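Take a look at the structure below.
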Amino acid sequence: MTATTETAPPEPEPGHDAAESTGSVEQTARALHSPVVEWFDAHARDLPWRRPEAGAWGVMVSEFMLQQTPVNRVLPVYEQWLSRWPRPADLAAEAPGEAVRAWGRLGYPRRALRLHGAAAAIAERHGGDVPKEHAQLLALPGVGEYTAAAVASFAYGQRHAVLDTNVRRVFARAVTGRQYPPNATTAAERKLARALLPEDEQTAARWAAATMELGALVCTARAPSCSKCPITHLCAWQLAGCPEHVDPPRRTQTYAGTDRQVRGKLLAVLREAVTPVPQATLDRVWNDSVQRARALDGLVADGLVEPLPGGVYRLPMT
DNA sequence: TACTCGTGGGG
DNA sequence: TCCCCAAGAGT
């Protein structure tokens, strides 16, 4: 954007930008740290992956499972998973299909495949120990910017900006004065998250978990419990009068009748099957043969289904 | 960048 | 009922 192409002044932020209108980002950060971390000390849920005995592997498993899946549904699968595969090498020694089967109905089963792949990489490249460096974590299958930062921070106490949907929403409201963050994570959000990070490594890790928990329990997407929020008196969105989000409408994800639904039905059959499943059995899960074939092809291409000679299918054993 | 990729609970 | 959306990653 340049002065010559500028036809209108920059669009004003809705409400206050606390970082600009009430002082520096540093000042904003210092005002938020204590109340948020103290709230976390008092209200944090006792989740199994937060216990010391979970270890880095437990943290990593939980982060994979929690990608787009609510805590309540993850809990039982997490317990079974770590009981069966207490170390990365234990999972790496199994067939990938067993990971897909144990994944159950958590959704997005490619995550199970990637977790298996991550375990194999950890066993091969890292001596069986979850790596500590952000770059090494990021190189693992299924580990993106968020998960790498989360494992480094939660498992190893490092200082990283951990930007998940909860944290993004908390910052959007408390600091930027908007009801919701942008659809995709922006450079401005990353910059803000880094600027808000406490200097002290241990405190930064605590802050990361605390802001995430605040978003999950209090500063929720639909009906935030602002009366229970430890920073409601500092919240830029509150101070602006809780303006409604007006920008591009957030597109709703359709599901009924999509390939995803068909894939889910096909894989559900294969998860339950002890022996390879004949084509005819799979044909019964969906009427449209064209879409059914496309979905099955997709599952095979993704490595979630293994076709065997004779027109039978199973979860991948190789 | 925008789209795909499951599943199910709560409002 | 229907709709929203939940600790994202990969392409």
Side-chain angles (χ1 to χ4, degrees), chain A residues 40 44-45 47-50 54 58-78 100 103-115 117-118 137-155 160-170 179-187 189 193 205 208-217 219-225 245 248-271 285 294-295 297-299 301-305:
Chain A
F40 186 60
R45 289 168 292 180
L47 300 170
W49 44 86
R50 285 179 178 163
V59 172
M60 172 168 279
V61 169
S62 76
E63 292 304 335
F64 269 76
M65 292 183 173
L66 289 164
Q67 291 169 4
Q68 299 286 278
T69 301
V71 167
N72 289 335
R73 237 185 305 156
V74 164
L75 284 169
V77 182
Y78 171 87
V100 175
W103 196 256
R105 306 186 70 81
L106 288 181
Y108 293 148
R110 292 187 295 188
R111 291 182 293 164
L113 231 41
R114 291 171 185 152
L115 181 51
L137 289 164
L138 199 56
L140 298 172
V143 176
E145 179 184 347
Y146 161 76
T147 301
V151 172
S153 181
F154 302 155
H160 291 282
V162 180
L163 261 189
D164 80 320
T165 186
N166 290 305
V167 176
R168 294 180 61 220
R169 189 174 54 250
V170 169
Q179 185 178 20
Y180 297 115
N183 282 327
T185 305
T186 63
E189 286 182 277
T211 48
M212 191 173 307
E213 190 78 335
L214 187 64
L217 298 183
C219 194
T220 55
R222 266 172 296 183
S225 306
H245 190 82
R250 329 168 75 202
R251 229 180 45 261
T252 166
Q253 59 176 349
T254 55
Y255 180 65
T258 61
D259 286 4
R260 281 156 95 168
Q261 186 179 23
V262 185
R263 287 167 57 107
K265 286 179 175 298
L266 291 170
L267 208 55
V269 171
L270 293 165
R271 273 199 311 265
V285 309
R294 186 172 63 232
D297 285 348
L299 289 170
D302 288 345
L304 284 163
V305 173

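From a predicted model like this one, the values you see are computed outputs, not experimental measurements. In what follows, chains are A, B, ... by sequence order, proteins preceding strands, each numbered from 1. Just so it is clear, the values below take in all heavy atoms, side chains as well, and ignore hydrogens, waters and symmetry mates.
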Original post:
Roughly how far apart, to the nearest Å, are C:dG10 and B:dG8 at atom C1'?
Top reply: 24 Å
**OP:** Answer yes or no: does a side-chain N or O of A:R271 lie under 4.0 Å from OP1 or OP2 of B:dT7?
**Re:** yes
**OP:** Name the nucleic acid region contacted by A:L266, choosing base, sugar-phosphate or nothing; use a 4.0 angstrom heavy-atom cut-off, strictly under.
**Re:** nothing
**OP:** Would you mind telling me which of C:dA6, C:dA7, C:dC5 lies closest to the side-chain atoms of A:R73?
**Re:** C:dA6
Original post:
Which parts of residues 142-152 of chain A get close to DNA chain B, meaning a heavy atom less than 4.0 angstrom away?
Top reply: none
Original post:
DNA chain C: A:L140 or A:M212, which has the more 5' nearest nucleotide?
Top reply: A:M212
Original post:
Under 4.0 angstrom, heavy atoms only, what part of the nucleic acid is A:W49 near: base, sugar-phosphate, or nothing?
Top reply: base
**OP:** Begin with the C-alpha distance, continue with both residues' side-chain angles, and end with the deciding distance and a verdict on side chain to side chain contact (heavy atoms under 4.5 Å, CB included) for A:N166 and A:V170.
**Re:** CA-CA 6 Å; A:N166 290 305; A:V170 169; 5.5 Å; no
Original post:
Taking OP1 and OP2 of B:dG8, is either one under 4.0 Å from a side-chain nitrogen or oxygen of A:R105?
Top reply: yes
Original post:
With a non-hydrogen cut-off below 4.0 angstrom, is A:L106 in contact with a base, only sugar-phosphate, or nothing?
Top reply: base
Original post:
Would you say a side-chain N or O of A:Q68 is under 4.0 Å from OP1 or OP2 of C:dG8?
Top reply: yes
**OP:** Would you indicate what A:R169 reaches in the nucleic acid, counting non-hydrogen atoms under 4.0 angstrom: base, sugar-phosphate, or nothing?
**Re:** sugar-phosphate
**OP:** In sequence, state the C-alpha distance, the side-chain angles, and the governing distance for A:Q67 and A:R114, and then conclude on side chain to side chain contact (heavy atoms under 4.5 Å, CB included).
**Re:** CA-CA 12 Å; A:Q67 291 169 4; A:R114 291 171 185 152; 5.7 Å; no
**OP:** Check every atom of B:dG11, B:dC5, C:dA7 against the side chain of A:R110 and return the nucleotide holding the closest atom.
**Re:** B:dC5
Original post:
Looking for any heavy atom pair under 4.0 Å, which part of the strands does A:T165 touch: base, sugar-phosphate only, or nothing?
Top reply: sugar-phosphate
Original post:
Out of C:dA7, C:dG10, C:dG8, which nucleotide sits closest to the side chain of A:Q67?
Top reply: C:dG8
